[in-house]
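Below you'll find the structure, written out as structure tokens, and then a few comments.
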Amino acid sequence: VISDFDLMKSANTALAGTTKELGLAFGENLPRLLHVARVMARATGEDMQYMFDSMVRGIKRTEPRLIDNALLIVKVSNANRAFAESADMASNSLSVEERQLALMEATVAAGEKAIERYNLENMTALDYMQGITAMTKNIGNYFGLFFQPALKTAASAIYDFVFAIS
């Protein structure tokens, strides 16, 4: 389970610096990648955000070792070959963006196989505890947003006072 703020940070990381087509592909696959991250986190005891961020960084950098952090084995050459065949291209002529898209497709496919293999749809006590932690963080963030104008005014007044006496 991941807090809203951390989810937005991770989504922004996924979308930052991408081309239009890769950004759209990330947008379409974000729910699947998050589901894979949740299942793999439960299977390994790792943090869901770590799993998700590893997959995203691995796809963006076309680096399968990062995707391996989520225990997903993806072969870049196989991913590129499958993508190239589906687009009637030679795999050695793929652009960087096309290699990223190929790796995303392969990561999602490997993730869906892992979901079937682990079959971890039922929530555990750890899932509930992590959910409580995420919800508590969400509440704190929302309170912070609510009280930010008052805190800004108070901080500004204190700053002005300290500046005046120094």
Side-chain angles (χ1 to χ4, degrees), residues 1-121 123 127 130-131 133-146 148:
V1 181
I2 188 170
S3 72
D4 293 348
F5 180 73
D6 290 334
L7 177 59
M8 286 186 279
K9 250 182 15 183
S10 294
N12 284 339
T13 299
L15 297 173
T18 61
T19 60
K20 182 178 179 180
E21 190 172 344
L22 184 61
L24 290 172
F26 263 122
E28 289 174 16
N29 287 297
L30 219 53
R32 282 188 234 149
L33 290 169
L34 283 165
H35 186 66
V36 170
R38 183 175 68 81
V39 168
M40 297 312 291
R42 288 184 61 204
T44 62
E46 286 287 345
D47 181 60
M48 179 182 165
Q49 185 172 357
Y50 170 76
M51 294 292 187
F52 178 74
D53 289 343
S54 291
M55 288 186 293
V56 166
R57 274 194 242 101
I59 291 166
K60 287 180 74 171
R61 296 178 186 169
T62 59
E63 181 54 65
R65 286 180 288 180
L66 291 170
I67 296 167
D68 184 59
N69 290 342
L71 296 183
L72 300 175
I73 307 301
V74 178
K75 295 196 181 241
V76 174
S77 59
N78 293 348
N80 289 345
R81 190 177 313 109
F83 187 87
E85 287 174 5
S86 72
D88 275 340
M89 302 170 69
S91 61
N92 61 356
S93 68
L94 293 178
S95 67
V96 171
E97 177 187 50
E98 290 165 336
R99 289 192 307 257
Q100 290 169 322
L101 291 167
L103 194 53
M104 182 182 304
E105 288 178 8
T107 302
V108 169
E112 288 173 353
K113 286 179 186 174
I115 289 169
E116 290 174 18
R117 181 175 49 242
Y118 290 111
N119 192 20
L120 295 172
E121 293 302 317
M123 297 280 281
D127 293 325
Q130 289 174 338
T133 301
M135 287 184 273
T136 303
K137 191 170 185 178
N138 287 342
I139 290 168
N141 289 336
Y142 294 136
F143 271 119
L145 288 173
F146 179 75
Q148 182 188 21

### Query
Quick one: side-chain contact (heavy atoms from CB on, under 4.5 Å) partners of S86, sequence neighbours excluded?
none
### Summary
To the nearest 0.5 Å, atom CD1 of I59 lies from atom CG of L66 at 10.5 Å
### Query
Of all residues at least two apart in sequence or in a different chain, which pass the side chain to side chain donor-acceptor pair (under 3.5 Å) check with S77?
none
### Query
Is there a side chain to side chain contact (heavy atoms under 4.5 Å, CB included) between T107 and V36 once you walk through the steps?
CA-CA 9 Å; T107 302; V36 170; over 6 Å; no
Which side-chain N or O atoms in residues 50-58 pair as donor and acceptor under 3.5 Å with protein atoms at least two apart or in another chain?
unit_1, atom_1, unit_2, atom_2, d
Y50, OH, N69, ND2, 3.4
D53, OD1, S10, OG, 2.9
S54, OG, Y50, O, 2.9
S54, OG, N69, ND2, 3.4

#### Entry: All side-chain contact (heavy atoms from CB on, under 4.5 Å) counterparts of F146, not counting sequence neighbours
none
#### Entry: Pairing residues for A114 by the side-chain contact (heavy atoms from CB on, under 4.5 Å) criterion, not counting sequence neighbours
M40, L72, R117, Y118
### Query
Is there a donor-acceptor pair under 3.5 Å between the side chain of R99 and the backbone N or O of L94?
yes
### Message
Using the rule given for side chain to side chain contact (heavy atoms under 4.5 Å, CB included), can you reason through L103 versus V74, listing the C-alpha separation, both sets of side-chain angles and the distance that settles it, and then say yes or no?
### Response
CA-CA 8 Å; L103 194 53; V74 178; 3.4 Å; yes
### Query
Which atoms form the tightest heavy-atom contact between A102 and A79, and what is the distance?
CB-O, 3.5 Å
#### Entry: Distance, nearest 0.5 Å, that separates CD of E63 from CG of D68
10.0 Å
### Message
For R32, give me all partners under side chain to side chain donor-acceptor pair (under 3.5 Å), at least two apart in sequence or on another chain.
### Response
N29
### Task
Would you list the pairs meeting salt bridge (charged side-chain N to carboxylate O under 4.0 Å, His left out) in which at least one residue belongs to residues 104-114, sequence neighbours left out?
none
Review item, side-chain donor-acceptor pairs of residues 16-28, under 3.5 Å, at least two apart:
unit_1, atom_1, unit_2, atom_2, d
T18, OG1, L15, O, 2.8
T19, OG1, L22, N, 3.3
T19, OG1, E97, OE2, 2.2

## Note on the structure
Residue set satisfying side chain to side chain donor-acceptor pair (under 3.5 Å) with N78, at least two apart, ordered chain then number -> R81
### side chain to side chain donor-acceptor pair (under 3.5 Å) partners of D6, counting only residues at least two apart
S3, K137
### Partner residues of A11 under the side-chain contact (heavy atoms from CB on, under 4.5 Å) criterion, sequence neighbours left out
L30
### Query
What distance do R38 atom CZ and I115 atom CD1 have between them, rounded to the nearest 0.5 Å?
8.0 Å
### Query
Atom OG1 of T13 and atom NZ of K9: how far apart are they, to the nearest 0.5 Å?
8.0 Å
